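Following: one structure in structure tokens, then a few remarks.
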Amino acid sequence: MPKLIRLYITQVAIGFGIAAAFVGMLLWFNIGNLWHLVTHSDKGLLAVVILWFANGIVFAGVQFAIAVMRLKDDDDDGPPGGHRQHVMHREYATIPARADEGDARAFWQNKR
């Protein structure tokens with residue numbers, strides 16, 4: 001069996017195990033009166049199985065994602081950062097502009 005498939009199966013099994021512990025704690029601590037609802041209903045066992053399965057999918061996905069992110073490739077021994085490109089720094093030039101003082105004063109005096 002390929003290593004990735006074996007990794008996936010083990011991580012999914014761990015995720016469903018964590019989900020079983022989570023649902024067990026939900027029932028043990030009677031969160032939201034869940035223990036009473038499950039034990040006093042004819043569909044209580046089905047509700048627990050669906051709750052475990054839904055949480056198992058979530059926990060298995062998270063568990064596998066963490067396992068994949070923790071994988072290390074043997075090619076990662078070089079310096080970090082990759083090949084950096086030089087950034088071009090722009091030098092802005094000031095451009096002189098002529099303005100007649102009389103026109104500017106007349107403009108602002110008309111604005112009042």
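As the structure is a computational prediction, the values presented were derived from the model and not from experiment.
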About how many Å separate [atom2] of [Y] and [atom1] of [X], when rounded to the nearest 0.5 Å?
X: Leu27; Y: Asn30; atom1: CG; atom2: CG; result: 8.5 Å
X: Met25; Y: Leu34; atom1: CE; atom2: CG; result: 13.0 Å
X: Ile50; Y: Asn55; atom1: CD1; atom2: CG; result: 12.0 Å

Under a 4.5 Å cut-off applied to non-hydrogen side-chain atoms, are [X] and [Y] in contact?
X: Val38; Y: Leu51; result: no
X: Phe64; Y: Leu7; result: yes
X: Leu4; Y: Tyr8; result: no
X: Ile57; Y: Phe16; result: yes

With hydrophobic residues grouped by side-chain heavy-atom distances under 4.5 Å, do [X] and [Y] end up in a single group?
X: Ile31; Y: Val58; answer: no
X: Val23; Y: Leu37; answer: no
X: Val48; Y: Phe53; answer: yes
X: Met69; Y: Ile18; answer: no

Nearest atoms (heavy-atom pairs only) where Met1 meets Arg6: O-NH2, 3.3 Å
